[in-house]
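Okay, structure first, notes after.
Given the structure is predicted, the values throughout are model-derived calculations rather than measurements. For the single chain, residues carry numbers from 1 onward in sequence order.
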Amino acid sequence: MAKISVERAHSLGKEAAREKADKLAKKLNEQYGLEPQWSGDVLNLKRSGVKGAVHVGDDSIRVDVELGLMMSAMSGMIKAEIEKALDKALV
């Protein structure tokens, strides 16, 4: 099982950051079938072999992902995609 954690600072404020996270979650759902569910300021994402959470703060967003055995081999590529998507979403 591989664990990925990516954190980025932002100056959007919590509400705007939540909106960006929500948009990103919809895209991840369409592309990868990750089911999003909000729990306070944490957006949980889940599908077979992947479990993750997007923690939205006042000045940062952190994405934590746990990959199952089959997905662990692609952890480097998945981390790079998360970094790229976060950087693009927080502009």
Scanning both residues in full, the closest heavy-atom pair of Ile61 with Leu90 reads CD1-CD2, 3.6 Å
Is there side-chain contact between Val63 and Leu86, with at least one heavy-atom pair below 4.5 Å? yes
Taking side-chain contact (heavy atoms from CB on, under 4.5 Å) as the definition, give me every residue that meets it alongside Ala53, ordered by chain and number, with sequence neighbours left out. Val42, Asn44, His55
Hey, which of Leu24, Val65, Val54 is the one that makes side-chain contact (heavy atoms from CB on, under 4.5 Å) with Leu45? Val54
For Gly68 and Met1, the nearest pair of non-hydrogen atoms, with its separation, is CA-SD, 4.3 Å
Side chain to side chain contact (heavy atoms under 4.5 Å, CB included) between Lys46 and Leu34: does it pass, once the steps are laid out? CA-CA 5 Å; Lys46 193 166 76 171; Leu34 288 166; 5.9 Å; no
Distance (rounded to the nearest 0.5 Å) between Lys3 NZ and Leu67 CG: 11.0 Å
Same cluster (ILVMFWY, side-chain, under 4.5 Å), Met77 and Val50: yes
Under 3.5 Å, which donor-acceptor pairs link side chains of residues 6-14 to any protein atom two or more places apart or in another chain?
unit_1, atom_1, unit_2, atom_2, d
Glu7, OE2, Ser60, OG, 3.4
Arg8, NE, Asp87, OD1, 2.7
His10, ND1, Leu12, N, 3.1
His10, NE2, Gly57, O, 3.1
His10, NE2, Ser60, N, 3.3
Lys14, NZ, Asp41, OD2, 2.9

Side chain to side chain, Asp64 and Ile4, heavy atoms closer than 4.5 Å: no
Using the rule given for side chain to side chain contact (heavy atoms under 4.5 Å, CB included), can you reason through Glu83 versus Lys79, listing the C-alpha separation, both sets of side-chain angles and the distance that settles it, and then say yes or no? CA-CA 6 Å; Glu83 290 171 339; Lys79 182 176 182 180; 3.4 Å; yes
Considering non-hydrogen atoms only, spot the tightest contact between Pro36 and Ala25 and give its length. CB-CB, 3.8 Å
Do any pairs count as a side-chain hydrogen bond (donor to acceptor under 3.5 Å, both in side chains) and have a residue in residues 25-38, sequence neighbours left out, and if so which ones? Asp22-Trp38
Rounded distance (nearest 0.5 Å) linking atom CD of Glu15 with atom NZ of Lys20: 14.0 Å
Between Ser75 (side chain) and Ala2 (backbone), is there a donor-acceptor pair under 3.5 Å? no
